[in-house]
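Here's the structure, in structure tokens; my notes come after.
We count residues from 1, following the sequence as given. Quantities reported herein were computed from a predicted structural model and do not represent experimental measurements.
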Amino acid sequence: MSLLNKKRKPFIGVSAPLGYVPGLGRGATGFTTRSDIGPAREATDISDERHGKPAHLQKKDDEDEEEDLNESNYDEFAGYGGSLFSSGPYDKDDEEADEVYEAIDKRMDDRRKERREQKLKEKIEKYRQERPKIQQQFADLKRKLTEVSEDDWVNIPEVGDYRSKKQRNPKGEKFTPVPDSVLQGAVLSGNTVSALASRQQKYAGFQTPFPGAMTPGFSTPSADLDLNMIGEARKSLVGVKLDQASDSVSGQTVVDPKGYLTDLQSLTPLSGGDIGDIKKARLLLKSVITTNPQHAPGWIAAARLEEVTGRMQAARNIIIKGTDVCPKNEDIWLEAVRLQPPESSKQVAAQAVRHLPQSVRLWIKAAELETETIAQKRVYRKALENIPNSVRIWKAAVELEEPEDARIMLSRAVECCPTSVELWLALARLETYESARKVLNKARESIPTDRLIWITAAKLEEANDNKPMVEKIIERAIASLKSNGVEINRDQWILDAELCEKASSVHTCQAIIRSVIGVGVEEEDRKHTWMEDADSCVAHNAYECARAIYAHALTVFPSKKSVWLRAAYFEKNYGTRESLEALLQNAVKHCPKAEVLWLMGAKSKWMASDIPAARSILALAFQANPNSEEIWLAAVKLESENNEDQRARKLLQRARMNACTARVMMKSIRLEWVLGNIPEASKLLEEAVQKYPDFPKLWMMKGQIQQQKGNQEEAREAYKLGVKKCPHSIPLWLLWARLEEKMGHTTKARSVLEQGRQKNPKCPELWLEAVRVEVRGGNKDFSKTLMAKALQECPTSGIIWSEAIFMDPRPQRKTRSVDALKRCEHDPHVLLAVAKLFWSERKVSKARDWFNRAVKLDPDFGDAWAYFYRFEQQHGTEAQLEAVIHKCSQAEPRHGELWCAESKAIPNWRLKTKDILPLVVKSLKPIDRE
């Protein structure tokens with residue numbers, strides 16, 4: 001048997017798996033026996049279908065054939081009335097298939113979810129733009145409600161009923177009010193008197209109704225609605241209101257002020273608490289102080305409860321009892337002093353210090369109660385006899401003394417409190433130089449772990465012009481503190497350096513920076529960390545600390561161009577011209593290949609009107625950087641700005657021979673153009689477009705020169721060829737479109753702009769020009785349609801939004817400006833538009849704030865400066881106008897549609913920023929017409 005069991009197959013005796021058909025694997029088909037389907041009907045059995053069904057059953061079967069939409073017939077899986085496959089069994093395979101299909105549907109739905117939500121959001125935004133809510137349409141009017149004064153609100157007339165009599169009462173019915181007596185008689189006539197009435201009369205004196213009196217079914221005359229009483233109550237209420245209103249007649253009150261104040265004092269403030277709660281609290285606190293009378297907080301709480309409820313005398317009695325029971329508790333004595341009136345508080349304070357002579361708080365409180373300085377000094381000296389090591393009392397006592405007496409007291413104070421840094425430093429400040437050095441040396445011996453003593457010693461040496469000792473003291477301080485186990489907190493030391501700078505101890509702050517700037521900084525993080533430290537110091541207005549950080553960084557990284565540049569920009573913004581030039585001289589020695597450093601040095605000399613020095617710097621720059629385009633062009637600009645046209649021509653000629661670039665050719669052409677040598681400019685231009693056909697500015701200049709000559713067709717060909725060579729140059733498309741519009745071909749201009757938008761999708765400048773073409777052509781409706789498309793195409797473009805604000809009617813401009821700020825909050829065009837909006841509404845202070853924001857956000861935006869200048873011309877003072885001119889000259893703006901139109905005009909090529917600004921202002925439209 002054991003052998004048979006070992007050879008038995010593992011599937012013998014095991015039930016077949018679900019859906020298994022025997023023989024199916026070898027090609028056999030399954031079959032069904034009668035035992036599977038049950039007994040069959042015998043041939044002799046009578047069929048049930050030989051008789052027809054009853055009428056009511058047949059009708060019921062017909063109704064069942066119709067779809068039953070009842071909730072009870074709904075199946076979550078099959079729906080109403082089952083499904084096509086409901087006849088078969090729902091096995092595990094079907095369930096698994098349904099789970100797979102459901103997982104696939106869920107996966108596909110998740111993939112489409114983001115796109116579907118985005119599409120829905122865009123559809124809602126589009127719908128809201130086309131059909132805004134009533135709330136949005138009236139948003140500007142609702143904001144103006146904040147400007148309505150209280151008198152205007154009060155004087156708003158009541159809305160009367162302006163309907164005709166027929167409209168008020170269409171059927172002509174009249175209603176006469178019934179007297180209360182009739183209603184009361186009707187109520188009493190239907191009631192029955194029960195035995196509860198007599199019982200209720202028995203309890204008539206109680207405010208609470210008798211139980212059951214208001215229960216339905218037990219109706220009594222007194223329990224029902226008494227209309228007469230309601231009428232009387234109404235008369236009484238009206239009388240009370242009239243009495244209140246009569247308190248003030250024509251501004252004269254009829255209330256007796258003395259009696260009224262007396263009544264107010266008699267009221268008990270309950271601090272929002274209920275009387276029952278106060279009684280419970282009083283009972284609990286009484287239990288606390290009775291069961292544990294040595295517990296001082298219980299006495300204090302009980303006294304404060306009485307104080308809150310207005311019973312001051314009871315509070316004083318309780319706290320005095322508490323001091324008798326707990327005479328050694330400091331808090332209870334302080335509370336007793338506080339609760340006592342001024343005439344008796346000194347006596348309580350005296351008792352307190354007799355019981356607790358070592359309490360600092362009690363002595364200070366006793367001194368504060370004194371009104372004369374002599375008495376306060378007497379109290380503090382008595383306190384020092386009992387507590388000679390209290391720093392707080394020593395400080396308070398010293399503050400009351402004269403300098404000489406204070407010095408004597410501090411000499412004694414540092415003996416009693418040798419670990420107090422404040423006392424040592426205060427004594428050092430009152431001593432002479434030599435004595436102060438001795439005091440600080442003693443302080444270092446007493447407190448070897450405090451950095452402030454060392455820093456004070458360094459400041460002392462600097463104040464007495466012993467500057468070499470400052471560096472030594474700070475170095476010794478770092479070494480001494482480290483030897484005494486003090487961790488050098490780099491951030492704390494930098495903060496100390498900033499405080500030293502604010503105290504005019506410049507050498508001390510620089511010595512601290514040099515000593516601690518490298519502490520705890522990894523070698524690879526030094527540059528980044530130090531630059532952040534310098535920015536932090538600049539943000540805190542600690543410029544000497546920042547200068548020291550840059551100086552130290554340059555000694556560690558002498559060949560880093562970025563460090564030199566940041567130091568140079570720092571000196572340019574916060575230093576002097578001499579410090580900047582000295583820094584740049586060192587910079588070009590270590591980084592001779594850095595063109596920008598040479599150019600900054602030359603510009604600094606040029607701005608100081610030292611032209612020969614600027615030329616010498618550029619000559620040295622040529623030696624270090626031969627064939628440098630930037631240096632060539634800087635030299636040309638220096639000569640042309642100083643009316644040395646022939647020298648500028650020769651420099652450009654040499655530049656074309658040695659370092660010819662597209663920019664060099666452009667500068668050469670422009671120089672000849674502005675000097676009036678048009679043939680030479682045209683000749684150079686033809687050569688340039690052959691060599692550099694992909695430089696768009698050459699094609700612009702070619703078209704503009706042809707326009708200046710009056711050759712419109714040649715200018716058009718130049719622009720047309722230019723956009724073929726440079727299809728992504730937006731100014732070229734704009735110049736071509738404006739030329740077509742100027743020639744009267746508005747349709748052609750639209751076509752050019754359309755081509756430009758196809759080549760450069762989502763370009764706000766091309767959309768804006770298309771809108772302006774329609775506005776100039778008088779097609780306001782079509783321009784609004786184009787503006788809506790432009791906002792859809794470029795929803796974050798500031799120039800589009802700024803134009804859209806002033807295209808709307810005046811009542812809607814505020815709402816549009818709010819939308820613009822939500823979309824592009826940090827765009828100078830939008831800020832300028834908001835400033836102009838406030839300007840048009842005569843809100844001068846708000847307009848000035850927004851103008852300042854605009855020019856601060858982007859100082860290079862010339863249009864904002866022009867509008868700001870014009871605003872100050874109308875509403876500002878002479879000083880404010882000069883401030884705008886000064887800031888604009890410092891910023892030297894170079895961008896802006898209106899600014900560039902004037903600054904790049906041929907007649908204005910030699911004008912400075914302060915000269916261009918008034919010209920741009922003249923070209924501005926009146927603000928009311930925008």
Side-chain angles (χ1 to χ4, degrees), residues 285 288-289 292-304 307 315-402 405-427 430 439 442-443 445-450 452-453:
L285 292 172
V288 168
I289 61 181
N292 189 6
Q294 302 298 326
H295 185 60
W299 292 97
I300 296 173
R304 287 186 179 176
E307 180 188 10
R316 291 166 184 164
N317 295 336
I318 289 174
I319 204 69
I320 291 300
K321 290 180 182 177
T323 57
D324 294 338
V325 178
C326 309
K328 298 299 180 181
N329 187 276
E330 183 182 56
D331 293 327
I332 200 169
W333 281 109
L334 289 171
E335 188 71 13
V337 172
R338 188 184 68 83
L339 290 175
Q340 294 300 321
E343 57 272 9
S344 58
S345 58
K346 293 181 182 180
Q347 299 176 2
V348 176
Q351 293 179 13
V353 295
R354 279 198 295 270
H355 285 91
L356 294 168
Q358 301 296 319
S359 173
V360 176
R361 293 166 63 193
L362 286 175
W363 281 109
I364 291 177
K365 187 66 177 177
E368 290 175 354
L369 293 175
E370 300 292 342
T371 56
E372 297 181 358
T373 307
I374 298 175
Q376 290 181 348
K377 292 180 181 179
R378 192 183 302 116
V379 171
Y380 280 131
R381 288 174 182 174
K382 189 70 175 176
L384 290 172
E385 292 177 4
N386 291 278
I387 322 171
N389 58 350
S390 173
V391 177
R392 187 176 174 186
I393 294 179
W394 276 110
K395 287 171 63 177
V398 168
E399 287 176 357
L400 298 175
E401 301 291 342
E402 296 296 327
D405 295 334
R407 186 178 61 80
I408 298 171
M409 288 193 70
L410 284 171
S411 301
R412 174 62 181 163
V414 295
E415 295 177 4
C416 297
C417 307
T419 59
S420 173
V421 178
E422 294 177 90
L423 296 178
W424 282 108
L425 297 182
L427 177 59
L430 294 175
V439 168
K442 291 180 181 179
E445 294 174 0
S446 301
I447 316 170
T449 59
D450 192 274
L452 294 178
I453 299 173

Which heavy atom in [X] sits nearest to a heavy atom in [Y], and how many Å separate them?
{"X": "Ser345", "Y": "Gln340", "answer": "CA-CB, 3.9 Å"}
{"X": "Arg361", "Y": "Arg392", "answer": "CG-NH1, 4.1 Å"}
{"X": "Ile332", "Y": "Trp299", "answer": "CD1-CB, 3.7 Å"}
{"X": "Ala336", "Y": "Thr323", "answer": "CB-CG2, 3.9 Å"}
{"X": "Trp394", "Y": "Cys417", "answer": "CD1-SG, 3.7 Å"}
{"X": "Leu400", "Y": "Lys377", "answer": "O-CE, 3.3 Å"}

Exercise. Could you give the distance from CG (Asp450) to CD (Glu422), rounded to the nearest 0.5 Å?
Worked result: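 Here the interatomic distance stands at 10.0 Å.
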Exercise. How long is the span from the OG atom in Ser446 to the CG atom in Leu423, to the nearest 0.5 Å?
Worked result: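 If I round to the nearest 0.5 Å, the distance is 11.5 Å.
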Atom [atom1] of [X] with >12 non-hydrogen neighbours under 6.0 angstrom:
{"X": "Glu372", "atom1": "CD", "result": "no"}
{"X": "Arg412", "atom1": "CZ", "result": "no"}
{"X": "Gln358", "atom1": "CD", "result": "yes"}

Exercise. With distance as the sole test, does Trp333 use its side chain to make a donor-acceptor pair with the main-chain N or O of Pro327 at under 3.5 Å?
Worked result: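 Yes, because the side chain of Trp333 sits within donor-acceptor range (under 3.5 Å) of the backbone of Pro327.
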Problem set entry | Heavy-atom check, side chain of Pro293 versus side chain of Lys321, under 4.5 Å |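 Not in contact.
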Can a salt bridge be assigned to the pair [X] and [Y] using a cut-off of 4.0 Å between side-chain N and carboxylate O?
{"X": "Arg407", "Y": "Glu401", "answer": "no"}
{"X": "Arg304", "Y": "Glu307", "answer": "no"}
{"X": "Lys442", "Y": "Glu445", "answer": "no"}

